[in-house]
Amino acid sequence: MDSPLPLHVCHVNNLSVILNKLHALLHCIAIAFLIYYRASYLLQETRAISIIPWLLVFASELLLSFIWLLGRAYLWRPVSRTVFPERLPEDDKLPAIDVFICTADPEKEPTFGVMNTVLSAMALDYPADKLHVYLSDDGGSPITLRGMREAFRFAKWWIPFCRRYRIKTICPQAYFSEAESDENFGDSEFVTEKRKIKEKYEMFEEQVMKAVEDGEYGNSRNHSTIIEIIQDTSGENETIRQADLVEMPLLVYVSREKSPEHLHHFKGGALNVLLRVSGVISNSPYILGLDCDMYCNDPTSARQAMCFHLDPKTSSSLAFVQFPQKFHNFNEHDIYDGSLRSGYRLQWPGMDGLKGPFLTGTGHYIRRESLYGNFKHKGIDLAELKDTFGESNLFIKSLHQSYEHKNVNGENLSNVLQQETEVGFSYQSVSEDFFTGFILHCKGWTSTYLDPSRPQFLGTSTTNLNDVLIQGTRWASGLIDVSISRFCPLLYGPSRMSLLLSMCYGEMSLFPLLYCLPLWCFATLPQLCLLNGIPLYPEVSSPFFMVLSFIFLSAICKHLQEVISTGGSVYTWRNEQRIWMIKSVTSHFYGSMDAIMKLLGLRKASFLPTNKVLDNEQVKRYEMGQFDFQTSSVFLVPMVSLMILNVAALVCGVIRMIAVGNWDKLFAQVLLSLYILIINFAIVEGMIVRKDKGRISPSAILLSSLFFVTFLFFGSIILI
């Protein structure tokens with residue numbers, strides 16, 4: 001008997017693997033020579049310069065070399081995958097799916113946009129009786145609840161329209177705002193139907209916006225539990241054609257109880273509440289996790305994910321299928337690296353060849369059983385089950401495969417939410433997705449990455465510097481939380497997963513700290529020494545200058561090659577270099593310090609949702625490729641101070657090279673300052689050239705100048 005056709009295939013780019021390993025070998029050899037050069041100087045009995053700056057530069061070079069070495073694991077065996085959803089079994093044999101969408105603040109996360117995400121999830125190409133959509137409203141806002149009711153009314157028109165005409169863009173806001181090239185456009189019946197649906201959509205938008213204007217936002221920190229299975233009691237079914245009356249996916253609104261006296265564990269806590277509520281109501285074996293602004297852009301993502309989850313060769317150990325985050329609002333400039341190109345085009349495919357990628361907070365189809373651990377398969381008594389899963393008998397019953405939900409509604413679910421449990425998404429870090437994925441891999445689960453040509457999910461990327469740095473600070477804090485805990489991937493991981501996979505997790509958890517410290521050093525110490533005429537690098541005539549130059553050019557050229565090979569340009573490379581430098585000395589530094597202070601008990605954990613409200617002026621500047629420097633002085637002062645320092649060092653260094661004639665000793669430091677200024681010219685432009693509202697304010701420049709003078713004064717005293 002012939003074996004069934006595969007549901008998916010894996011492709012390995014062998015040429016890329018060979019080139020990556022060859023580059024890593026050559027780069028490692030050069031680093032070894034650099035270490036020899038630095039170490040031999042330290043062993044000398046007499047030294048020409050102070051030992052302190054030399055040691056600091058050496059330590060920074062070692063840290064950068066270490067984090068670079070960890071990152072080679074991503075490039076060890078990158079793979080890509082192709083799926084064949086047409087080979088899936090019939091609809092009646094497909095497993096059920098629960099969709100989890102989380103929102104926390106209707107002011108930062110506009111209700112209308114959230115409802116469009118809900119509608120796109122309801123319109124997935126999947127059997128309606130096996131699709132259940134849950135919205136967690138951590139803000140407890142009446143506006144959001146009313147928006148859910150309005151969304152359900154509009155869904156009765158939208159879902160039949162999408163299914164009848166096979167609409168690909170299933171988010172109504174995206175569908176009606178773009179020039180959609182419909183295959184059915186020539187059909188007069190389709191044109192009439194589309195016009196009618198658009199009228200219904202405009203009425204839906206009007207009702208939601210009215211609710212926003214008239215409603216109250218509620219108290220996001222103190223409110224009671226509300227669980228409502230959304231139903232339409234308007235009697236509007238009578239106006240819908242009989243042919244278009246289709247079964248609707250289940251839609252559930254959940255707002256958990258919150259009070260200032262109790263920990264609520266941010267998004268991780270909200271997800272675990274959805275896990276318990278959905279376990280009692282629908283108990284689907286698979287869960288799609290979505291951010292509230294990350295709408296479904298293609299109706300087939302569920303079927304594509306099932307090509308892996310239903311594969312008998314891999315399904316027993318597969319925890320989740322991860323799709324990339326992609327965004328509809330970044331342009332070709334992408335000055336803030338909003339596309340996250342390096343992550344989704346290099347790191348995730350690289351990890352996919354090593355048992356699977358990280359779990360990202362959105363766009364993943366995760367197996368419910370993996371979040372429950374192995375308790376479902378153990379013959380343990382009721383008392384032990386309650387210790388693990390809480391006191392709710394209803395929820396414990398849902399753990400059995402024979403469980404059937406009957407007559408479940410919001411009123412009899414309160415006991416399900418009364419107790420936190422040790423299963424589900426992890427609370428160790430505000431980056432609950434990263435840590436949860438790490439623990440799953442440690443327990444032997446695997447994951448898969450799929451990046452189809454058509455984006456399956458599209459979100460809203462940050463388009464101003466302030467939101468980019470706030471978001472970066474939160475991410476950095478969450479990652480460092482893990483790296484400085486007992487679950488540090490480099491210590492906890494190797495005995496539980498492959499060394500290469502541990503290196504990937506180690507690089508991701510440590511990079512904010514291990515980049516911010518060396519970059520602060522390289523942006524200040526060589527410049528300070530240059531201002532005082534102290535050389536830190538080999539003379540141009542020295543063979544070790546060639547070693548240093550090779551390492552510098554090797555890293556730059558490898559980055560440029562990766563950018564070009566993934567569809568980017570030289571401008572993309574420049575933008576990524578710039579935002580890497582900016583984040584390293586600001587958000588990554590502050591995020592790392594925040595995590596360390598939390599560990600020492602000097603600060604409590606906090607979570608700020610990323611602002612999803614778009615400012616027209618900021619968007620216009622972003623589309624023009626201009627930085628918007630309307631951000632806190634906490635972020636601006638480090639950037640501007642470093643630019644002033646590098647300008648001063650460059651000018652002074654050139655003068656010293658001309659006047660004194662020791663250009664070969666100071667050339668490397670002058671070149672470093674010049675490179676920093678070229679890459680970050682947008683900051684200099686914001687200080688001197690620009691006069692618009694998005695420029696760097698004079699007060700920030702003055703404060704930065706004072707900071708520069710203070711640093712120069714005390715730094716020179718220490719060096720001398």
Side-chain angles (χ1 to χ4, degrees), residues 85-86 91 99 101 110-133 135 146-213 230-251 293-303 328-329 453-458 460:
E86 66 275 7
D91 285 1
V99 182
I101 302 170
T111 303
F112 185 64
V114 176
M115 293 307 111
N116 271 273
T117 300
V118 170
L119 286 163
S120 71
M122 295 178 71
L124 285 170
D125 178 20
Y126 211 73
D129 62 327
K130 298 184 177 183
L131 187 62
H132 319 95
V133 181
L135 177 73
R146 183 175 170 185
M148 286 282 280
R149 294 167 180 162
E150 296 295 338
F152 189 82
R153 292 191 186 101
F154 175 66
K156 293 191 303 180
W157 296 87
W158 176 245
I159 293 175
F161 173 74
C162 290
R163 291 183 179 172
R164 183 176 185 184
Y165 296 104
R166 301 184 181 276
I167 302 299
K168 290 185 177 180
T169 304
I170 54 176
C171 173
Q173 188 174 30
Y175 179 77
F176 289 117
S177 62
E178 297 177 356
E180 180 77 12
S181 57
D182 295 298
E183 295 180 2
N184 304 291
F185 193 79
D187 188 341
S188 59
E189 181 185 3
F190 168 76
V191 174
T192 303
E193 192 69 16
K194 181 178 179 179
R195 188 179 299 114
K196 182 194 299 184
I197 297 300
K198 187 172 184 180
E199 291 175 358
K200 294 292 182 181
Y201 169 74
E202 291 170 350
M203 291 173 58
F204 157 64
E205 180 179 13
E206 182 181 342
Q207 290 298 317
V208 173
M209 299 310 295
K210 183 179 179 182
V212 172
E213 294 173 3
I230 305 298
Q231 297 175 336
D232 184 17
T233 58
S234 65
E236 200 176 50
N237 281 346
E238 298 175 1
T239 64
I240 302 177
R241 294 186 311 176
Q242 189 67 28
D244 287 340
L245 287 175
V246 298
E247 186 174 1
M248 297 284 288
L250 183 72
L251 183 61
D293 67 319
M294 186 67 63
Y295 63 81
C296 301
N297 184 60
D298 187 276
T300 65
S301 66
R303 295 180 184 271
H328 62 83
N329 65 323
S453 57
R454 177 180 171 87
Q456 299 300 292
F457 306 97
L458 285 176
T460 304

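Computed from a predicted model, the values in this text were never measured in an experiment.
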TODO: Please identify each residue that fulfils salt bridge (charged side-chain N to carboxylate O under 4.0 Å, His left out) with E150, with sequence neighbours left out.
DONE: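 Per chain and number, E150 pairs via salt bridge (charged side-chain N to carboxylate O under 4.0 Å, His left out) with R153.
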Going by the rule side chain to side chain donor-acceptor pair (under 3.5 Å), which residues pair with [X] if we only count those two or more places apart in sequence or in a different chain?
X	answer
E205	none
Q207	none
R146	none
D298	T300, R454

Open item on the list: Does E202, at its CD atom, have more than 12 non-hydrogen atoms belonging to other residues, nucleotides or ligands within less than 6.0 Å?
Closed with: yes
Which pair of non-hydrogen atoms, one from [X] and one from [Y], has the smallest distance, and what is that distance?
X	Y	value
G147	T111	CA-CG2, 4.5 Å
W158	I170	NE1-O, 2.9 Å
P249	F152	O-CE1, 4.2 Å

From [atom1] ([X]) to [atom2] ([Y]), nearest 0.5 Å:
X	Y	atom1	atom2	result
Q456	M294	CD	CE	12.5 Å
Y295	T460	OH	OG1	8.0 Å
F176	T169	CZ	OG1	11.0 Å
L131	M248	CG	CE	10.5 Å
W157	E199	CH2	CD	10.0 Å
K168	N297	NZ	CG	11.0 Å

Task: Pair Y201-F154, side chain to side chain contact (heavy atoms under 4.5 Å, CB included): steps then yes or no - done: CA-CA 7 Å; Y201 169 74; F154 175 66; 3.7 Å; yes
Using distance only, find each side-chain donor-acceptor pair of residues 116-130 under 3.5 Å and give its atom names and separation, not counting sequence neighbours.
| unit_1 | atom_1 | unit_2 | atom_2 | d |
| --- | --- | --- | --- | --- |
| N116 | OD1 | Q173 | N | 2.8 |
| N116 | ND2 | F112 | O | 2.9 |
| T117 | OG1 | G113 | O | 3.4 |
| T117 | OG1 | C292 | O | 2.6 |
| S120 | OG | T117 | O | 2.7 |
| S120 | OG | C296 | N | 3.0 |
| D125 | OD2 | R303 | NE | 3.4 |
| Y126 | OH | P95 | O | 2.5 |
| K130 | NZ | D91 | O | 3.0 |
| K130 | NZ | D92 | O | 2.8 |
| K130 | NZ | L94 | O | 2.6 |

